[in-house]
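Heads up, the thing below is written out as structure tokens.
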Amino acid sequence: MEADRSEALPTARRPHRLAGGQPGLLEPGASTDPYRLRLYRILRTDFPLGYDPGLGAWLLSRYADVALALTDPRFTGYPRDGAPRGPVPAPLGLCRGSLVCTPLPGSGTDRIPGSTPATASAVERAAYVLARRIAGRDQADLVGEFCRWLPAGLSSPRLKALVRTGGGAADCARHTGLRERALASFLANMLDDPDLLAAVAGGRGPGAGAGPGAEAGTGMLLDRAWTETLRRDPPVQIVLRRTRTEVRVSGGTLPAGAPVACLVGAAGRDPARFAAPDRFDPLRADADPLLTGPAGCPAALLGRLEAEQGLRALLTAMPGIRWADGFRPASSGVLTRGPRALLVRPS
């Protein structure tokens with residue numbers, strides 16, 4: 001069982017407690033780092049079901065309870081977040097839960113299902129242009145100079161036409177802030193592991209040596225690293241749902257018609273579900289696709305393409321890329337979350 005050592009933290013870093021000792025999710029200091037504050041840990045261990053007046057919702061923090069709320073038809077979309085209603089996939093990861101969320105146009109025969117050669121080519125071109133722009137510098141911030149521009153800089157006429165249609169795919173493709181945060185978290189995790197970078201740069205992956213299977217193996221490794229990033233460092237930390245009827249969860253019973261905040265950031269690091277949950281491990285045996293969101297969502301597909309092509313472009317333009325001297329990435333946010341900066345030495 002996890003021990004609550006929050007009292008050993010400096011006062012400024014202790015989670016603010018509500019009546020009864022429950023940590024306040026939106027209280028001062030909580031958004032700085034709910035992981036280091038042990039806010040999520042305290043909620044999972046001591047308050048698996050509690051009401052947060054600031055958020056106006058019941059909190060679920062254990063993986064089993066969050067998974068139930070995301071998949072069980074006794075839960076529905078929360079009206080104020082535009083989520084679908086009824087037993088349909090909940091908005092999660094990069095998905096905004098559009099009622100008419102449609103796949104990107106194309107045959108769906110690419111390695112990333114639902115993507116097309118034209119889409120992948122547009123992402124690849126944009127990534128290489130951005131990478132070459134910063135390759136000759138002594139230092140660069142990948143958040144401000146790469147992650148912010150890759151999702152917004154796609155110039156494919158087909159993607160522009162997609163946005164102009166006003167449909168569900170357009171809505172997903174238009175909002176780039178979450179893809180920016182997800183891409184930044186993905187790059188931070190990969191840059192933190194030189195062995196992973198070397199495997200990608202050398203065209204290696206799980207079970208792939210030199211030869212025709214190398215590229216497929218690298219693609220599999222990148223897919224797993226992307227899935228692992230969305231588990232360990234989700235860009236959306238909270239997904240709102242509502243109960244249709246009374247629902248029993250591990251901490252008690254939710255009343256009918258109750259707003260429920262699924263703490264995805266806490267569930268993804270639940271030690272009852274994931275071994276060594278704080279560790280970034282693309283090869284983990286207990287990977288779970290639930291936390292990546294609906295498989296066919298255009299935003300999720302674009303996010304995966306941007307992560308894969310973005311990292312490949314950076315490694316091609318800057319084979320010796322590494323953290324700037326003395327720099328360590330730090331994320332912030334408790335509603336949406338991602339690194340504030342990624343300072344690197346391009347060579």
Side-chain angles (χ1 to χ4, degrees), residues 1-7 9 11-72 74-83 85 90-93 96-97 178 181 233-273 277 291 331-338:
M1 181 176 292
E2 297 169 294
D4 175 13
R5 301 189 182 93
S6 61
E7 296 305 319
L9 295 170
T11 302
R13 288 175 49 197
R14 296 179 190 170
H16 182 84
R17 303 294 185 118
L18 302 173
Q22 177 184 317
L25 201 62
L26 300 182
E27 297 299 322
S31 64
T32 303
D33 196 334
Y35 298 106
R36 291 185 66 188
L37 280 173
R38 300 182 177 88
L39 186 152
Y40 289 156
R41 178 183 297 186
I42 296 168
L43 287 171
R44 283 195 309 263
T45 303
D46 300 332
F47 303 94
L49 178 61
Y51 187 78
D52 191 308
L55 195 61
W58 293 88
L59 305 183
L60 297 180
S61 53
R62 293 178 177 174
Y63 176 88
D65 294 334
V66 169
L68 181 75
L70 294 175
T71 59
D72 194 292
R74 290 175 295 174
F75 292 82
T76 184
Y78 191 65
R80 285 184 290 181
D81 74 346
R85 305 183 184 190
L92 190 67
R96 294 176 60 85
L178 293 181
R181 293 178 180 88
D233 303 292
V236 176
Q237 296 272 303
I238 300 174
V239 171
L240 296 177
R241 303 288 278 167
R242 184 183 292 278
T243 57
R244 290 176 174 272
T245 184
E246 285 190 356
V247 181
R248 178 72 181 177
V249 293
S250 66
T253 300
L254 286 163
V260 179
C262 301
L263 306 188
V264 178
R269 299 204 194 185
D270 188 344
R273 173 61 181 83
L291 299 180
S331 297
S332 63
V334 76
L335 298 179
T336 61
R337 185 171 178 81

Could you give me the CA-CA distance, side-chain angles and deciding distance for Arg41 and Asp46, then say whether salt bridge (Lys or Arg N to Asp or Glu O under 4.0 Å) is met?
CA-CA 8 Å; Arg41 178 183 297 186; Asp46 300 332; over 6 Å; no
For the [atom1] atom of [X] and the [atom2] atom of [Y], what is their distance to the nearest 0.5 Å?
X	Y	atom1	atom2	answer
Leu60	Leu49	CG	CG	6.5 Å
Thr243	Arg74	OG1	CZ	10.0 Å
Phe47	Ile42	CZ	CD1	8.0 Å
Asp233	Arg181	CG	CZ	13.5 Å

Would you name the heavy atoms of [X] and [Y] that are closest together and state the gap between them?
X	Y	answer
Val334	Tyr40	CG2-OH, 3.7 Å
Arg244	Phe75	NE-O, 4.3 Å
Val236	Ile238	CG1-O, 3.2 Å
Gln237	Pro234	NE2-O, 3.0 Å
Pro23	Leu43	CD-CD2, 3.8 Å

Asp72 and Val247, any side-chain heavy atoms less than 4.5 Å apart:
no
For a quick test of your reading: what N or O donor-acceptor pairs under 3.5 Å do the side chains of residues 252-266 make, sequence neighbours left out?
{"residue": "Thr253", "atom": "OG1", "partner": "Arg248", "partner atom": "NH1", "Å": "3.4"}

Quick one: do Arg337 and Asp33 make a salt bridge, cutoff under 4.0 Å?
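Salt bridge flag = yes for Asp33 with Arg337.
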Across all chains, not counting sequence neighbours, the salt bridge (Lys or Arg N to Asp or Glu O under 4.0 Å) partners of Arg273 are Asp288
Please list, chain by chain and in numerical order, all residues satisfying side chain to side chain donor-acceptor pair (under 3.5 Å) with Asp65, sequence neighbours excluded.
Ser250
Hey, does the side chain of Arg62 reach the backbone of Arg44 with a donor-acceptor pair shorter than 3.5 angstrom?
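Pair found, side chain donor or acceptor close to backbone of Arg44.
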